[in-house]
Amino acid sequence: MKFKRVWRGEFPKYWDVTKWAILLEKYVVVCRRNEHTNRRVIERIKIDSGETVTFQTIYNCILGWRDCVIFLARVSDARSHLKVDRICSFDVSCMSFRWELSEAILIEKYKLPTITDYSGDLYILGSKKIDLNNGHFSDHRQTINYRWPVDEHLSLVQKNDVLACVVKEGASLWEHQGYFGNYFHGVIGEQLFFYMPQNKLVILNKRTGQEIDEIDLPQIRSTTRRVLGDFDLCNEYSFENSTVADCLVDESAVAWIDDTNAVKVAYRGTNTVQSYSNPNSSLLYLTQIKKKNLLMYEIENEDYGSLVIGTMEE
């Protein structure tokens, strides 16, 4: 694995729960407060060359991305809730806004839903429904949902100590005893990812419930009990926002950091596990996976650190 430091500086105050750095195809994008000018900026860093373009902004949080467009919000504390009062669509390729929306929305604390390449055109944020193409919004009726959706037709439902996959009409496709909704973390294609208490990642077929893969995560340094990855859809019902993952997953690899600060990668196609030592002694934390790249935090102290890309080489 090749390690490359792409950014170094002061971390935002809530760096571990509020998304402020994101890995795109060619760039790393950072939304932060400049420690010298005290002004908020968006920085676009080209991964290959390190070339950096800076754009001043009022936004302090990244909601997600679609292709080369990122979605930003201005978020503030509202006691028992978070207040989102500005949202925008920002084109990273030309560093310009596509649209901006000024509307105060209250949401449950640390429950900001994520936008990804796989999101549809409509983004549900609290009591509002926002069209990501143009920023138009309308009211959304919030309902209490006791299901974990895995696609537009199927959901997981808890029945005592049994987890069932059901269709909209309620009929069960399959059931697994000893599984719980908060073990479920996300979906990639036909695969459901479960992080089990024994530090195992179990992958099931969403239509049959049949086990596709089981990956042991030996000596994993457990911090958040979160699995993040290149998910079509992730479980945001069971967890509060976190930018730190115990492990990262995509279709072909599972990555985690062990208690010696080494990066471990299980390559699913070859059933091999490789260990990679960080050339620096600073603690690493995983935050995002995209194709063969891992985006990691390198922590020097509680306020300062780096963004490091690890390129996987099977």
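Only this structure's heavy atoms are used, side chains among them; waters, hydrogens and symmetry mates stay out.
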Does a side chain donor of either [X] or [Y] reach within less than 3.5 Å of an acceptor in the other side chain?
X	Y	result
Asn293	Thr311	yes
Glu236	Thr114	yes
Ser242	Asp16	no
Ser306	Arg5	yes
Ser238	Trp148	yes

Report yes if some heavy atom in the side chain of [X] is under 4.5 Å from a heavy atom in the side chain of [Y]; otherwise report no.
X	Y	value
Ile215	Arg268	yes
Leu294	Met1	yes
Tyr14	Val75	no
Asn278	Met296	no
Val92	Trp65	no

Would you name the heavy atoms of [X] and [Y] that are closest together and state the gap between them?
X	Y	result
Leu122	Asp131	CD2-CA, 3.9 Å
Leu23	Lys290	O-CD, 3.3 Å
Pro149	Phe184	O-CE2, 4.2 Å
Leu295	Ile22	CD2-C, 4.2 Å
Ile289	Val249	CG2-O, 3.3 Å

Rounded distance [0.5 Å steps], NZ in Lys264 versus CG in Asp216: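 Here the rounded value is 11.5 Å.
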Any donor and acceptor pair, going by atom type alone, linking the side chain of [X] with main-chain N or O of [Y] inside 3.5 Å?
X	Y	answer
Asn261	Ser282	yes
Asp67	Val69	no
Glu10	Glu35	no

Worked verdict on Phe193 versus Phe231 for ring pair (Phe, Tyr, Trp, His ring centres under 6.0 Å): CA-CA 9 Å; Phe193 288 78; Phe231 288 135; 5.8 Å; yes
Parallel, tilted or perpendicular: rings of Phe11 and Trp7 (30°, 60°):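 Tilted, since the angle between the ring planes falls between 30° and 60°.
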Under 4.0 Å between a side-chain nitrogen and a carboxylate oxygen: does that hold for [X] and [Y]?
X	Y	result
Arg8	Glu300	yes
Asp139	Lys129	no
Asp48	Lys4	no
Asp77	Lys109	yes

Same apolar cluster: Leu307 and Leu72, side chain cutoff 4.5 Å: no
Within the 6.0 Å centroid threshold, strictly below: [X] and [Y]:
X	Y	answer
Phe55	Phe97	yes
Tyr195	Tyr183	no
Tyr123	Phe71	no

Ring pair (Phe, Tyr, Trp, His ring centres under 6.0 Å), paired with His185, selected from Tyr237, Phe239, Phe180: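 Per the ring pair (Phe, Tyr, Trp, His ring centres under 6.0 Å) rule, the option paired with His185 is Phe239, out of Tyr237, Phe239, Phe180.
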